[in-house]
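All figures in this text were calculated on a predicted structure; none of them were measured in a lab. Below, chain A is the first sequence line, B the second, and so on; all start at residue 1.
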Amino acid sequence: MKRVYPDKEYCIGCHLCELACITAHSTSQDLIIAYRDERTSSGLSPCKRVFEKGDTCVAISCRHCDEPSCVAACISGGLHKDPETGRTVYDRDKCVGCWSCLMACPYGAIRRHPIENKIVKCDLCEGRAEGPACVQACPNAALKYEER
Amino acid sequence: MKYVIIGNGIASIGAIEGIRKVDAENEILVIGSEDSPAYGRPLISYLLAGKIGPDRLSLRPAEFYKKSNVTLKLGTTVTAIDTKARTVTTDSGESIGYENLLVATGGIPFTPPIPGADGKDVYNFTNLSHAQTLISKAREIKRAVVIGGGLIGLKAGESLFDRGVEVTILELSPRILSLAFDENAASLAGNRLAEVGLDVRCGVSAKEIQRDSAGNIKGVHLTDGDFLQTDVVVIAIGVVPDYGLAKASGIEVDRGIRVDDHMRTSAPDVYAAGDVAQARDLLYGDDRVIPIWTNAYNQGFCAGKNMAGDTVRFLGSLAMNSISFYGLPTISVGTVNPPEDDGSYRISAVLDEKKKSYRKLVFQDDHLVGYVLVGDIDMAGMYTAFVKFQMPIPEESRRQLMAGEPDVLMWPDDFFRETWNPGNHDQDS
């Protein structure tokens with residue numbers, strides 16, 4: 001399956017991937033409205049996380065692991081592996097906010113929704129014709145969406 | 001039948017998904033004694049609390065079993081395993097042949113001998129029918145005493161309280177969740193429960209359940225001499241492996257069903273997984289029964305793959321708990337309370353009582369072997385990485401971890417690349 005691969009040799013830590021992620025997952029589909037309004041009103045937050053250490057940066061999100069620890073840990077059936085697409089799928093309606101997935105994912109790719117008792121996790125921008133917004137927005141091609 | 005699974009919990013789901021990784025064809029038969037498709041057992045506390053309806057209990061979508069070519073035989077109890085004839089017998093007298101068998105019968109509530117415990121209105125809280133009973137009971141009762149301040153007891157107490165019942169939880173050890181917590185974590189969580197109005201008493205247990213001449217519960221005599229009036233008692237001390245069936249068929253049993261590192265039991269082509277199994281512990285290397293959700297899934301998954309002809313080793317169980325107390329989240333992983341006289345352990349702990357925040361990291365030599373987080377849990381998984389992958393931690397990284405700033409850039413370069421950017425080696429050279 002195609003995944004997003006982050007390359008720390010190229011990442012400049014600009015956080016544009018986070019902004020693109022927020023916009024893609026917003027109701028308005030507008031960066032300014034998403035960032036200024038939806039972020040505070042509905043707790044809209046990015047599925048990406050940029051890490052920086054000196055000059056080195058990297059932007060990570062869910063790896064859609066072949067055998068994900070989060071799915072093993074999920075008590076509600078809110079996370080499961082789609083055998084057809086290979087994606088680790090999150091069903092928001094089933095999530096009870098127990099944070100077991102957040103505890104189990106060793107890649108730190110799951111975060112708490114700031115307002116609701118739910119998690120936030122990358123869905124690879126499912127349904128978006130151009131593919132993951134973070135990859136499209138990355139100015140230095142540090143994020144690649146490909147089959148390996 | 002190519003695959004037969006006894007038990008219909010999370011280990012069974014893991015096994016189905018493990019088998020299907022390797023074998024997409026052959027039919028799987030799951031025999032479960034309860035009447036519903038596999039549900040999230042921990043969800044019964046959410047159900048009892050009224051936070052979710054029965055429609056949200058199922059662990060997998062309805063089409064899962066059909067798509068996975070699984071036949072469910074529910075409401076059926078297996079009464080015997082014949083490891084020579086390779087058959088299982090059910091309570092309806094049916095005999096079913098197997099090529100590969102998984103025993104995933106889970107645990108049964110442990111009930112200590114308390115005078116007066118035999119009789120009505122004493123309950124357990126480990127399956128759906130227990131929850132349903134307590135939901136209907138909660139409408140007519142005022143008070144409940146929960147015996148046991150572990151995960152099950154706290155969740156039972158909390159959800160009864162949410163139904164409007166006055167609840168007292170009794171915990172014999174000096175603190176709640178004594179295995180997963182230390183004193184600081186337990187006191188933050190305990191204070192949160194007390195703020196809400198839940199009565200939690202530690203260092204005390206039930207000496208006797210007092211009943212009137214008609215057999216109705218009057219109250220509970222405590223070991224400290226106190227007496228608590230109550231309408232019901234919930235015994236939630238813990239679970240013990242339900243291995244009777246396996247033992248009777250000659251399968252080797254110790255504290256649980258003994259399995260090797262491929263989840264095989266002593267009988268050919270018979271595997272075990274979940275709360276019934278005694279499997280390798282990731283940190284200690286010995287075999288233990290660790291009745292924890294993720295282990296059950298992982299063991300089932302590993303067993304499933306091996307049953308289907310793959311050869312995979314079980315990585316080992318890792319104790320982990322995530323539990324929230326009225327909005328106060330807590331996470332505990334691995335070794336939390338190392339032996340005090342063992343100099344190889346070093347502990348870093350930061351407590352902020354005002355913020356209700358606590359972080360304890362347990363290092364052994366140059367490895368992180370466990371942690372507890374209360375309040376700010378957002379980085380939990382990144383600590384788990386260091387425990388799970390047993391990455392050595394240089395001094396500089398240790399300081400960063402102790403400051404509460406775990407980071408993927410702290411990982412060894414090779415490991416980072418293999419994890420995050422595999423297949424991209426050339427350009428670095």
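- Both the backbone and the side chain of D66(A) come within contact range of chain B, judged by heavy atoms closer than 4.5 Å.
- If you measure heavy-atom distances from I119(A) to chain B, you find no contacts under 4.5 Å at all.
- Using a 4.5 Å heavy-atom threshold, the side chains of K8(A) and W420(B) count as separate.
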Inset, instruction - Please assess L43(B) against S76(A) for the test side-chain contact (heavy atoms from CB on, under 4.5 Å), listing each intermediate value before the final yes or no. - result: CA-CA 7 Å; L43(B) 291 181; S76(A) 71; 4.1 Å; yes
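- R20(B) has its side chain out of reach of P83(A): every pair of non-hydrogen atoms, C-beta onward, lies at least 4.5 Å apart.
- Put simply, CZ on R41(B) and CD1 on I75(A) are 12.5 Å apart, with the number rounded to the nearest 0.5 Å.
- Heavy atoms from other residues, nucleotides or ligands lying under 6.0 Å from CD of E25(B) number 12 at most.
- Among E67(A), R3(A), K81(A), the residue with the largest count of heavy-atom pairs under 4.5 Å with chain B is E67(A).
- Side-chain contact check for T384(B) versus C105(A): every heavy-atom pair is 4.5 Å or farther apart.
- Proximity to chain A is absent for every atom of F64(B), based on heavy atoms less than 4.5 angstrom apart.
- Heavy-atom proximity under 4.5 angstrom to chain B picks out nothing from residues 16-39 of chain A.
- The candidate with the highest count of non-hydrogen atom pairs below 4.5 Å against chain B, out of A72(A), A109(A), C70(A), is A72(A).
- Interatomic distance, CD1 of I323(B) versus SG of C98(A), reported as 10.5 Å (0.5 Å rounding).
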Please test E9(A) against R417(B) for salt bridge (charged side-chain N to carboxylate O under 4.0 Å, His left out), starting from the C-alpha separation and ending with a verdict.
CA-CA 11 Å; E9(A) 308 300 323; R417(B) 191 163 45 225; 5.8 Å; no
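- At least one side-chain heavy atom of K67(B) sits less than 4.5 Å from a side-chain heavy atom of E84(A).
- Residues M103(A) and I377(B) have side chains not in contact (no heavy-atom distance under 4.5 Å, counting atoms from C-beta outward).
- With a 4.5 Å cut-off on non-hydrogen atoms, S68(B) does not touch chain A at all.
- In terms of non-hydrogen atom pairs under 4.5 Å with chain B, the most contact-rich of F51(A), Y5(A), W99(A) is F51(A).
- Of the listed residues C57(A), G78(A), A73(A), C65(A), the one with more heavy-atom pairs under 4.5 angstrom with chain B than any other is A73(A).
- Within the model, atoms OG of S69(A) and CG of N298(B) stand 7.0 Å from one another, a figure rounded to the nearest 0.5 Å.
- With a 4.5 Å cut-off on non-hydrogen atoms, C101(A) does not touch chain B at all.
- Looking at N321(B), only its backbone comes within 4.5 Å of chain A, counting heavy atoms on both sides.
- Taking each heavy atom of R56(B) and C95(A) in turn, the nearest pair found is NH2-O, 3.2 Å.
- In this structure, chain A has heavy atoms under 4.5 Å from both the backbone and the side chain of L409(B).
- Shown here is E395(B), whose CD atom has more than 12 heavy atoms of other residues, nucleotides or ligands within 6.0 Å.
- We find that E405(B) and K53(A) are not joined by a salt bridge, their nearest charged nitrogen and carboxylate oxygen being 4.0 Å or further apart.
- Residue R148(A) touches chain B through its side chain alone, counting heavy-atom pairs closer than 4.5 Å.
- When every heavy atom of R112(A) is checked against every heavy atom of G375(B), the shortest pair comes out as NH2-O, 3.6 Å.
- At a threshold of 4.0 Å, the pair D378(B)-R49(A) does not count as salt-bridged, since none of the basic side-chain nitrogens sits closer than that to a carboxylate oxygen.
- Using a 4.5 Å cut-off between heavy atoms, F416(B) touches chain A through its side chain atoms alone.
- Under the 4.5 Å side-chain criterion, counting only non-hydrogen atoms from C-beta, P106(A) is in contact with F389(B).
- Heavy-atom pairs under 4.5 Å with chain B peak, among R63(A), E52(A), H80(A), at R63(A).
- Residues N421(B) and K144(A) are not in side-chain contact: their nearest non-hydrogen atoms beyond the backbone lie 4.5 Å or more apart.
- Most heavy-atom pairs under 4.5 Å with chain B: of the set I60(A), V4(A), T56(A), this distinction falls to I60(A).
- One finds the NZ atom of K94(A) at 6.5 Å from the CG atom of L59(B) (value rounded to the nearest 0.5 Å).
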